[in-house]
Amino acid sequence: MLKIKCPKCNTDGNFSLAEPSYEGPYKCWKCRELFTIEIRNNELRSLKPLSQEEFEKQQEIEALKAKFKQS
Ligand SMILES: [Zn+2]
């Protein structure tokens, strides 16, 4: 479990990792702001603001990946 501090509202959020590295969308549970986060070896390396449009695009990519895994 990794703690991620939202730069907008300064709220700590818990982010559970399946793998030590992750790059993708993160949503603050409190202010619902969207970010792209990059985690390497359980350490937060970068956190960038993400637009709703980009977020949806990333969600679509994730959904597609899940589909490919099933078949
Ligand atoms: Zn927030």
Side-chain angles (χ1 to χ4, degrees):
M1 205 78 111
L2 200 75
K3 277 226 188 316
I4 293 167
K5 194 186 265 296
C6 172
K8 203 187 173 193
C9 67
N10 279 323
T11 299
D12 277 331
N14 288 319
F15 191 78
S16 54
L17 283 167
E19 286 165 49
S21 296
Y22 170 84
E23 198 178 343
Y26 169 75
K27 191 184 213 171
C28 174
W29 62 271
K30 201 171 185 189
C31 69
R32 308 186 79 78
E33 190 75 3
L34 298 163
F35 304 97
T36 299
I37 56 170
E38 190 189 341
I39 295 159
R40 293 277 174 265
N41 296 318
N42 293 306
E43 255 179 66
L44 185 66
R45 291 289 169 91
S46 78
L47 194 155
K48 287 171 274 183
L50 179 71
S51 70
Q52 184 66 40
E53 198 183 312
E54 280 175 89
F55 177 74
E56 277 165 19
K57 217 182 277 173
Q58 290 199 25
Q59 295 281 72
E60 274 172 38
I61 292 166
E62 289 303 313
L64 273 177
K65 274 188 201 164
K67 254 185 218 169
F68 278 120
K69 267 179 204 164
Q70 280 167 14
S71 57

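If you read the sequence from its start, that first residue is 1, and numbering goes on from there.
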Report, one line per pair, each donor and acceptor closer than 3.5 Å where one atom sits in a side chain of residues 46-54; sequence neighbours left out.
unit_1 : atom_1 : unit_2 : atom_2 : d
Ser51  : OG     : Glu54  : N      : 3.2
Ser51  : OG     : Glu54  : OE2    : 3.2
Gln52  : NE2    : Glu56  : OE2    : 3.1

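- Here the shortest heavy-atom pairing between Leu44 and Leu2 reads N-CD2, 4.5 Å.
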Residues 7-28, side-chain donor-acceptor partners within the protein, below 3.5 Å, at least two apart:
unit_1 : atom_1 : unit_2 : atom_2 : d
Lys8   : NZ     : Glu33  : OE1    : 3.1
Asn14  : OD1    : Lys3   : NZ     : 3.1
Tyr22  : OH     : Pro25  : O      : 2.8

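- Rounding to the nearest 0.5 angstrom, the gap separating the NZ atom in Lys65 from the NZ atom in Lys67 is 14.5 Å.
- Sorted by first then second residue, the ring-ring contact (aromatic ring centres under 6.0 Å, His included) pairs that include residues 29-58, not counting sequence neighbours, number zero.
- Taking OG1 of Thr36 as the start and CG of Leu34 as the end, the distance is 8.5 Å to the nearest 0.5 Å.
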